[in-house]
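Report on the following structure.
Sequence positions, counted from 1, serve as the residue numbers for this chain. All ligand and atom numbering here is 1-based and tracks the order in the structure. Bear in mind the structure is a predicted one, so any value in this text is a computation, not a measurement.
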Amino acid sequence: MKYLIVANWKMNPDTLGEAKKLLNSVEKGIKNVKDMEVVICPPFVFIPSLKANGAQDCFWEEKGAFTGEISPKMLKNSEVKYVILGHSERRRYLRETDEMVNKKIKAVIVCGLKPILCIANLIQLRKSLKGISEKVIIAYEPVFAIGTGKSCSIGQAKKMRNKIKYPQVLYGGSVNSQNAGDYISQAGFQGLLIGGVSLNPQEFLKTIKNIEKT
Ligand code: PGA
């Protein structure tokens, strides 16, 4: 299985021009990278122009009167393959619940997209996956580590990895070029979900090289 490296750009950058520049630098740098699949998740408005393969969220209904929402089919038709769901920032600022996340995962699967479910603990894992037997990629993201620079210790991450009985689990939270390889080689994760560092092409590429070395 290839390692999955997911770049979560969150609400950045401000312009399509900047987004294209960032993507170009990353694409140039990863041309010769093997054993890894890199997923770029920009804000929705940039997805078609960038032909991005990832998105940061979507709604659970197929179509209709849901102002402001984006459907799984719209993403599918824009050639998106992966969708991040249940990110802790959405749970916190938009009051997304496990029930809502559960409906989103189901809708994404029905549409033929691959969900990347973000969880901070095993209760969220269980509730978000209620009634779902299909393959789901999990991203373990301890809340204290997200965007703080305080990454989770390899020991704690490994403990959690062993408790999540799914074949493909990513680690996320203050990943950088120093710690990236350890989450994979020592803690046993199958990839990484990278926020802040994914906006800095040099550091992002350095992070990928660090993983390649392990
Ligand atoms: P971070 O974000 O790498 O900036 O900590 C990770 C995430 O939110 O997925």
Open item on the list: List ligand 1 atoms under 4.0 Å from Ala145, heavy atoms only on the residue side.
Closed with: 5 (O)
Open item on the list: For Val197 versus Thr207, what's the shortest heavy-atom pair and its separation?
Closed with: CG1-OG1, 3.6 Å
Open item on the list: Side chains of Gln156 and Ser153: any donor to acceptor distance under 3.5 Å?
Closed with: no
Open item on the list: Side chains of Gln186 and Arg161 only: does a donor on one sit below 3.5 Å from an acceptor on the other?
Closed with: no
TODO: Number the atoms of ligand 1 from 1 as they appear, then name those within less than 4.0 Å of a heavy atom of Gly173, with their elements.
DONE: 5 (O)
TODO: Report the relative orientation of the aromatic rings in Tyr171 and Tyr183; use parallel for angles under 30°, tilted for 30 to 60°, perpendicular for over 60°.
DONE: parallel
Open item on the list: Under 4.0 Å, heavy-atom basis, I'd like to know which part of Asn8 is in contact with ligand 1: side chain, backbone, both or neither.
Closed with: side chain
Open item on the list: For atom 2 (O) of ligand 1, what is the closest protein heavy atom, and at what distance to 0.1 Å?
Closed with: Lys10 NZ, 3.3 Å
- [ ] Would you please determine whether Ser174 falls within less than 4.0 Å of ligand 1 on a heavy-atom basis?
- [x] yes
Open item on the list: Please report whether ligand 1 has a polar contact with Gly195, defined as an N or O pair separated by less than 3.5 Å (distance criterion only).
Closed with: yes
Open item on the list: The test is salt bridge (charged side-chain N to carboxylate O under 4.0 Å, His left out); show your working for Lys81 and Glu37 and say whether it passes.
Closed with: CA-CA 12 Å; Lys81 272 171 71 183; Glu37 181 166 3; 3.2 Å; yes
Open item on the list: Polar contacts were defined as any N/O atom of the residue lying under 3.5 Å from an N/O atom of the ligand; does this apply to Gly196 and ligand 1?
Closed with: yes
- [ ] Could you say whether the N/O atoms of His87 and ligand 1 ever approach to under 3.5 Å?
- [x] yes
- [ ] Could you find the nearest protein heavy atom to atom 9 (O) of ligand 1 and give me its residue, atom name and distance?
- [x] Glu141 OE2, 2.7 Å
Task: CA sep, side-chain torsions, deciding dist, call: Asp98, Arg126, salt bridge (charged side-chain N to carboxylate O under 4.0 Å, His left out) - done: CA-CA 9 Å; Asp98 294 320; Arg126 180 171 47 80; over 6 Å; no
Open item on the list: For ligand 1 and Gly147, I'd like to know whether there is a polar contact (N/O to N/O, distance under 3.5 Å).
Closed with: yes
Open item on the list: Is it true that Lys106 and Asn102 share a donor-acceptor pair across their side chains at a distance under 3.5 Å?
Closed with: yes
